[in-house]
Novice: 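Below is the structure I would like to discuss, written out as structure tokens.
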Amino acid sequence: MRKRSALSFDAALDDPELVAARAALAAGRWTAVRSLLAATGDDWDRRGHRLTVLAQEPGTAAWAGDWRLTEPDCVDAAVLLACATVYRALAGKARPEVARDACHEAAVLAPADPSPWLALLILERAIGREEDVVRLFDEVRHRYPEHHHAHHLMVARLAERRADAGQDPLHEVYDFASWAAEQAPADSPLAILPVVAHAERYRVLATAGKEPADPAACGHWLGRRARLVMKAAFDWWLEWERDDHPRNRVDLNFLAHAKFCEGRPAEAAALFQRIGPHATPAPWSYPDRDPYEAFRAARDAALGPS
């Protein structure tokens with residue numbers, strides 16, 4: 001089951017240009033990646049999405065290293081190498097210090113680019129101290145206040161505070177998510193962040209044995225505060241859906257998961273229709289479930305078997 005699940009999700013989501021460049025890179029044609037990153041420009045959310053997806057490919061670090069040697073002043077080469085080295089470090093194939101050095105070198109070459117700091121944030125969210133995570137989040141936000149991926153990482157880390165405290169509607173992760181959503185413009189997908197916070201806190205509580213392992217069988221999504229959060233997020237989606245955002249399907253998966261757990265199949269069905277084939281492992285895997293089976297079961301319950 002785990003093998004099938006791993007093959008059922010694509011981190012590229014619905015970015016066909018990224019999919020094509022990644023395939024070209026796997027075949028040894030690196031110029032497509034070079035063109036893709038150049039064309040992405042300072043669309044920081046899209047740039048971060050594309051860099052992190054490319055960085056997870058097995059051969060990216062070696063190729064980016066060669067590119068870096070050939071063009072030592074090329075910003076895209078430096079940032080891609082930094083991101084790839086971070087994922088190698090997370091896989092135990094490179095020392096964290098090497099990854100940190102690569103990220104800092106890239107940051108010097110590209111002082112306005114939040115992507116090297118995003119790469120560091122990904123690393124420290126997994127292995128670092130909370131104060132480092134907060135500091136790196138601030139570095140990203142200083143360069144791009146609405147950075148989608150960085151906010152998700154911060155929410156995931158904050159949700160892990162006080163794991164044994166149980167359900168607490170005043171937990172700091174909820175305050176942070178509400179604050180970030182309120183600070184963002186009206187059309188910002190950060191409006192969905194309170195839903196993400198709710199799912200991340202459930203992950204922590206269920207792992208600690210404070211909530212049932214089946215999210216649809218617990219009351220986490222049924223309290224007054226939770227229902228208000230879910231309604232506000234769904235209403236935002238109906239009015240403002242940012243289909244052009246590169247991580248749009250991430251938000252839709254969190255929202256569909258919440259609506260399904262809340263027991264609102266009609267609203268969940270509308271979201272599953274928009275998700276299409278672009279499912280994401282989180283939050284369907286929470287707390288330790290097969291994400292493919294969980295997604296398929298929820299989708300079939302809302303839409304009928306496909």
Novice: Evaluate L118 against L153 for side-chain contact (heavy atoms from CB on, under 4.5 Å), listing each step before the verdict.
Specialist: CA-CA 9 Å; L118 173 66; L153 291 167; 3.9 Å; yes

Novice: Does D288 use its side chain to pair, donor to acceptor, with the backbone of A206 at less than 3.5 Å?
Specialist: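 Flag not set: sc D288 to bb A206 has no pair under 3.5 Å.
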
Novice: Quick one: does P215's side chain get under 4.5 Å of H257's, heavy atoms only?
Specialist: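 Sidechains of H257 and P215: in contact.
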
Novice: Linking I/L/V/M/F/W/Y whenever their side-chain heavy atoms sit closer than 4.5 Å, directly or via other members, would W117 and M154 fall into one cluster?
Specialist: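 In one cluster with W117: M154, yes.
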
Novice: Keeping H142 on the side-chain end and D138 on the backbone end, is there a donor-acceptor pair under 3.5 Å?
Specialist: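 Flag not set: sc H142 to bb D138 has no pair under 3.5 Å.
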
Novice: Of all heavy-atom pairs between L170 and D175, which one has the smallest distance, and what is that distance?
Specialist: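 For L170 versus D175, the nearest heavy atoms are O-OD2, 3.8 Å.
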
Novice: Under 4.5 Å between any side-chain heavy atoms of H149 and V140, yes or no?
Specialist: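 Counting from C-beta outward, H149 and V140 never come under 4.5 Å.
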
Novice: Please report the C-alpha distance between F272 and F295 in whole Å, then the side-chain angles of each, then the deciding distance to 0.1 Å, and finally whether the ring pair (Phe, Tyr, Trp, His ring centres under 6.0 Å) criterion is met.
Specialist: CA-CA 10 Å; F272 281 118; F295 175 83; 5.5 Å; yes

Novice: Does R34 form a side-chain contact (heavy atoms from CB on, under 4.5 Å) with W67? I'd like the steps, not just the answer.
Specialist: CA-CA 10 Å; R34 185 179 187 178; W67 184 14; 3.7 Å; yes

Novice: Show, in sequence, the C-alpha distance, side-chain angles and deciding distance for H148 and H152, and conclude whether the ring pair (Phe, Tyr, Trp, His ring centres under 6.0 Å) test is met.
Specialist: CA-CA 6 Å; H148 190 275; H152 276 238; 4.4 Å; yes

Novice: Could you pull out all residues at least two apart from D132 that satisfy salt bridge (charged side-chain N to carboxylate O under 4.0 Å, His left out)?
Specialist: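 D132 satisfies salt bridge (charged side-chain N to carboxylate O under 4.0 Å, His left out) with R129, R135 only.
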
Novice: Before giving the answer on side-chain contact (heavy atoms from CB on, under 4.5 Å), spell out for E241 and R274 the whole-Å C-alpha distance, their side-chain angles and the decisive distance to 0.1 Å.
Specialist: CA-CA 10 Å; E241 184 194 4; R274 292 295 297 118; 3.2 Å; yes

Novice: Taking side chain as C-beta onward, heavy atoms only, is W284 less than 4.5 Å from R289?
Specialist: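 Sidechains of R289 and W284: no contact.
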
Novice: Looking at every heavy atom in both L81 and G65, which two are closest together, and how far apart are they?
Specialist: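 Smallest heavy-atom distance, with atoms named: CD1-N, 3.9 Å.
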
Novice: Quick one, L13 with D15, criterion side-chain contact (heavy atoms from CB on, under 4.5 Å). Give me CA distance, side-chain angles, the key distance, then yes/no.
Specialist: CA-CA 6 Å; L13 301 175; D15 188 336; 5.9 Å; no

Novice: Hey, any chance I122 and L18 share a hydrophobic cluster, counting ILVMFWY side chains that come within less than 4.5 Å of each other, even indirectly?
Specialist: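 As far as the 4.5 Å side-chain criterion goes, L18 and I122 are not connected within one cluster.
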
Novice: OG1 of T52 to CD of Q56: how many Å apart, nearest 0.5 Å?
Specialist: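 If I round to the nearest 0.5 Å, the distance is 6.0 Å.
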
Novice: Where do A84 and T60 come nearest, in terms of heavy atoms and distance?
Specialist: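 Nearest heavy atoms, A84 then T60: CB-CG2, 3.9 Å.
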
Novice: Could you measure the distance from the CD atom of E124 to the CD1 atom of I127? Nearest 0.5 Å is fine.
Specialist: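 Nearest 0.5 Å value for the CD-CD1 distance: 5.5 Å.
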
Novice: What's the shortest heavy-atom distance between A12 and R22, and which atoms?
Specialist: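 Here A12 and R22 meet closest at CB-NH1, 3.8 Å.
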
Novice: Do you reckon V33 sits in the same ILVMFWY cluster as L109, going by side-chain contacts under 4.5 Å, direct or chained?
Specialist: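 Looking at the clustering, L109 is in the same group as V33.
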
Novice: Is the closest side-chain heavy-atom distance between K93 and Y87 below 4.5 Å?
Specialist: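 No, side chains not in contact.
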
Novice: Are the side chains of E146 and P185 in contact, using a 4.5 Å heavy-atom criterion?
Specialist: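 Yes, side chains in contact.
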
Novice: Could you check if a side-chain atom of L54 sits within less than 4.5 angstrom of a side-chain atom of L36, using non-hydrogen atoms only?
Specialist: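 L54 reaches L36 side chain to side chain.
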
Novice: Only pairs at least two apart or in different chains count here, so list each salt bridge (charged side-chain N to carboxylate O under 4.0 Å, His left out) that has a residue in residues 105-117.
Specialist: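 Passing the test, one end in residues 105-117: R47-D113, R68-E105.
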
Novice: Nearest 0.5 Å please: distance from the CG atom of D45 over to the CZ atom of R242.
Specialist: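 So the CG of D45 and the CZ of R242 are separated by 8.5 Å.
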
Novice: Strictly below 4.0 Å, N to O, side chains only: are R50 and E17 in salt-bridge contact?
Specialist: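 Judged by the 4.0 Å cut-off on N to carboxylate O distance, R50 and E17 do form a salt bridge.
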
Novice: Using atom types as modelled, flag every donor-acceptor pair under 3.5 Å from a side chain in residues 189-204 to any protein atom, sequence neighbours excluded.
Specialist:
| unit_1 | atom_1 | unit_2 | atom_2 | d |
| --- | --- | --- | --- | --- |
| H198 | NE2 | H220 | O | 2.6 |
| E200 | OE1 | R203 | NE | 2.7 |
| E200 | OE1 | R203 | NH2 | 3.0 |
| E200 | OE1 | Y286 | OH | 3.2 |
| E200 | OE2 | Y286 | OH | 2.8 |
| R201 | NH1 | A159 | O | 2.8 |
| R201 | NH1 | R161 | O | 2.9 |
| R201 | NH1 | H171 | NE2 | 3.4 |
| R201 | NH2 | R162 | O | 2.9 |
| R201 | NH2 | G166 | O | 3.4 |
| Y202 | OH | P212 | O | 2.7 |
| Y202 | OH | A213 | O | 3.1 |
| R203 | NH1 | E160 | OE2 | 3.1 |
| R203 | NH2 | A156 | O | 3.2 |
| R203 | NH2 | E160 | OE2 | 3.2 |

Novice: Return yes if some donor-acceptor pair links the side-chain N/O of R157 with the main-chain N/O of A126 below 3.5 Å, else return no.
Specialist: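 Pair absent, no side-chain N/O of R157 close to backbone of A126.
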
Novice: Applying a strict under-4.5 Å side-chain criterion to I, L, V, M, F, W and Y, I'd like to know whether L123 and V134 cluster together.
Specialist: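 As far as the 4.5 Å side-chain criterion goes, V134 and L123 are connected within one cluster.
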
Novice: Is any side-chain heavy atom of L271 less than 4.5 Å from a side-chain heavy atom of F260?
Specialist: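 Not in contact.
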
Novice: Is there a donor-acceptor pair closer than 3.5 Å between any side-chain N or O of R125 and the backbone N or O of A150?
Specialist: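 No.
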
Novice: Between V155 and L120, is there shared hydrophobic-cluster membership here, with clusters defined by ILVMFWY side-chain heavy atoms closer than 4.5 Å?
Specialist: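 Result: yes, single cluster for both.
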
Novice: For the CG atom of D243 and the CH2 atom of W237, what is their distance to the nearest 0.5 Å?
Specialist: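 With rounding to 0.5 Å, CG (D243) is 10.0 Å from CH2 (W237).
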
Novice: For residues W44 and H49, establish whether the separation of their ring centroids is below 6.0 Å.
Specialist: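 Judged by ring-centre distance (under 6.0 Å), W44 and H49 do not meet the cut-off.
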
Novice: So how far is it from I275 CD1 to T280 OG1, rounded to the nearest 0.5 Å?
Specialist: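 OG1 of T280 is found 7.0 Å from CD1 of I275.
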
Novice: Roughly how far, to the nearest 0.5 Å, is OH of Y144 from OG of S115?
Specialist: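 Here the interatomic distance stands at 11.5 Å.
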
Novice: If I compare all heavy atoms of C83 with all of A119, which pair ends up nearest, and what's the gap?
Specialist: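 Of all heavy-atom pairs spanning C83 and A119, the closest is SG-CB, 3.9 Å.
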
Novice: Between P111 and R143, what is the shortest heavy-atom contact and its length?
Specialist: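 In this case the closest contact between P111 and R143 is O-NE, 2.8 Å.
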
Novice: Decide yes or no for Y174 and R225: does some side-chain heavy atom of the first lie under 4.5 Å from some side-chain heavy atom of the second?
Specialist: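 They are in side-chain contact.
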
